[in-house]
Amino acid sequence: MPPSPTRGAPELIAWYRAHARDLPWRRPEYLARYGAWGVLVSEFMLQQTPVTRVIPHLQAWLARWPDPAALASATGAEVLQQWANLGYPRRALWLHRAAVAIRDQHDGTTPRDVASLLALPGIGDYTARAVAVFAFGDRHPVVDTNTRRVIARAVHGRAQPEPPSRRDLDDMLALLPDDRGDAAIVNAAAMELGATVCTARTPDCARCPLLDSCAWRAAGYPESEDRRRRQARYEGSDRQARGRVLRALRHADGHRLPAAEVLADWPDPAQRDRAIDSLIADGLIEAEDGEFLLPR
DNA sequence: TTCCAGGTGG
DNA sequence: CCACCTGGAA
């Protein structure tokens, strides 16, 4: 017998109301003050970045640039400086470019429809739907890696999700109640459950609101083969070299340094040149008069 | 010392 | 598929 469309939704909603973390972007005063732009900025920072690292940067960022027009008028150097050590600094440039597009193409108002959001730089399947749902209250499936794991277990009875695919959105959609507000909570609850209870390595099933209906539990918690690729070593990587260059420029007077001083002590000159060239290609640094500098 | 989390774009 | 960053946990 196929699962009923909203199987688990009431349990998720009740659990979320009682146990969701109190995060800044979930507070009514945050949404009242920053609106959809606040949701968009928080989701940008949360891409690939733990909640605890985002919180202090988010407050400072929105205090400085509370709306798209304010950010759009900043320079690349200011944006990268403010992004600081959040990681993946291309996101900072994408966010800046998204602000420019919102100012120039949407009258400074964060768009509501998923297609328009997807057209903005740095916004993909997850972020577009997260903004549409959490900022505007529309009914769409929002799927992050936590959601995918929760669905793999509770619905499909597998310990780990399959590789990401469009079917993930269909799976989540099937769990959403008709009511838009309830649907938004179920989206948030699935992510929250995966982040705090149905975790990758040590799920705490005793605290799970879906315990009674969980397909993984019903199947006896079968293991699944670990198909994760080993993460590339960071020490000595191109990533580390790029990160060092940007960190040096963030801390330099005028955000510029003589080319000879940039990564001067890096052990592999070819790798250093490759890192610098790729930073220029990405628009994260510029070369001028024998110096490297953050972009203007 | 290694491992881990995590969306987007190419 | 693979590159992209960081710092805290294991």
Side-chain angles (χ1 to χ4, degrees), chain A residues 21 23 25 39-58 79-98 101 114 117-134 140-150 152 160-166 168-169 172 187 190-203 226-251 263 271 274-285:
Chain A
R21 292 168 293 176
L23 301 174
W25 45 91
V39 174
L40 191 154
V41 172
S42 71
E43 293 295 351
F44 254 92
M45 290 187 177
L46 288 162
Q47 291 168 3
Q48 307 293 286
T49 308
V51 161
T52 52
R53 280 178 59 201
V54 163
I55 287 174
H57 290 284
L58 178 64
V79 160
L80 290 170
Q81 171 71 25
Q82 189 71 38
W83 195 259
N85 61 342
L86 262 179
Y88 292 124
R90 295 193 292 191
R91 291 181 294 161
L93 293 188
W94 288 337
L95 178 55
H96 183 229
R97 291 169 194 159
V114 170
L117 288 162
L118 279 171
L120 296 171
I123 293 191
D125 279 334
Y126 167 77
T127 305
R129 290 173 177 81
V131 171
V133 170
F134 303 131
H140 303 283
V142 182
V143 176
D144 75 348
T145 190
N146 292 305
T147 297
R148 296 179 55 249
R149 185 174 55 255
V150 168
Q160 303 296 339
E162 305 278 292
S165 80
R166 306 297 298 190
D168 300 331
L169 290 173
M172 190 65 214
N187 276 310
M191 292 194 288
E192 185 75 356
L193 187 67
T196 63
V197 173
C198 193
T199 55
R201 294 199 281 190
T202 52
D226 196 346
R227 57 163 56 76
R228 286 170 303 178
R229 260 190 1 274
R230 215 186 82 238
Q231 184 165 332
R233 165 188 209 86
Y234 183 63
E235 195 70 22
S237 65
D238 286 16
R239 282 181 192 182
Q240 186 187 38
R242 287 165 54 102
R244 288 286 176 82
V245 171
L246 282 180
R247 187 173 67 188
L249 289 175
R250 284 200 308 271
H251 290 86
L263 238 44
Q271 186 182 43
R274 189 164 67 241
I276 288 170
D277 288 347
S278 72
L279 287 168
I280 292 171
D282 288 345
L284 286 162
I285 67 172

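Lettering of chains follows the sequences in order, A, B, ..., and the numbering in each one begins at 1.
When all heavy atoms of A:F44 and A:P121 are compared, the pair lying nearest together is CZ-O, 3.3 Å. When all heavy atoms of A:T147 and A:V142 are compared, the closest pair comes out as OG1-O, 3.9 Å.
Between A:R250 atom CZ and C:dC5 atom P there is a gap of 11 Å when expressed in whole angstrom units. Rounded to an integer number of Å, the gap from A:R97 CZ to B:dG9 P is 11 Å. The CZ-P distance, from A:R91 to C:dA3, rounds to 18 Å in whole Å. We find that NE2 of A:H57 is positioned 11 Å from C1' of C:dG7, with the value rounded to whole Å. What separates CG of A:L279 from C1' of C:dC5 is a distance of 12 Å, to the nearest Å. Nucleotide B:dT8 holds its C1' atom 13 Å from the CG atom of A:D282, rounded to whole Å. Protein atom CG of A:L86 is 14 Å distant from nucleotide atom C1' of B:dA5, rounded to whole Å. If you take CZ of A:R166 and P of B:dT8, they are 11 Å apart, rounded to a whole angstrom.
Between A:R242 and the phosphate of C:dC5, there is a side-chain N or O to OP1/OP2 separation shorter than 4.0 Å. Within the 4.0 Å cut-off from OP1 or OP2 of C:dG7, at least one side-chain nitrogen or oxygen of A:N85 is found.
A:Y88 comes within 4.0 angstrom of a base, heavy atoms only. Nucleic acid contact class of A:S237 (heavy atoms, under 4.0 Å, all strands): none. Across all strands shown, A:P164 has no heavy atoms under 4.0 Å from either base or sugar-phosphate atoms.
Salt-bridge check for A:D238 with A:R242: failed, with every basic side-chain N at 4.0 Å or more from each acidic carboxylate O.
Only one option out of A:V41, A:V51, A:L86 pairs with A:L58 in a side-chain contact (heavy atoms from CB on, under 4.5 Å); it is A:V41.
Map A:R244 and A:A232 each onto its nearest nucleotide of DNA chain C; the residue landing nearer the 5' end is A:A232. Residue-to-nucleotide proximity on DNA chain B shows that, of A:L118 and A:Y234, the 5′-proximal contact is made by A:Y234. Take the nearest nucleotide of DNA chain B for A:N146 and for A:R233: the residue whose nucleotide is more 5' is A:R233.
Using modelled atom types and a 3.5 Å distance limit, the side chains of A:H57 and A:N85 yield a donor-acceptor pair.
Looking only at distances, no side-chain donor or acceptor of A:R250 sits under 3.5 Å from a matching main-chain atom of A:L80.
Expressed to the nearest 0.5 Å, how far CD of A:Q81 lies from CG of A:L249 amounts to 10.5 Å.
Checking B:dT8, C:dC5, C:dG7 against the side-chain heavy atoms of A:W94 singles out B:dT8 as nearest.
For the contact set between residues 43-55 of chain A and DNA chain C, defined by any heavy atom under 4.0 Å, the members are A:R53.
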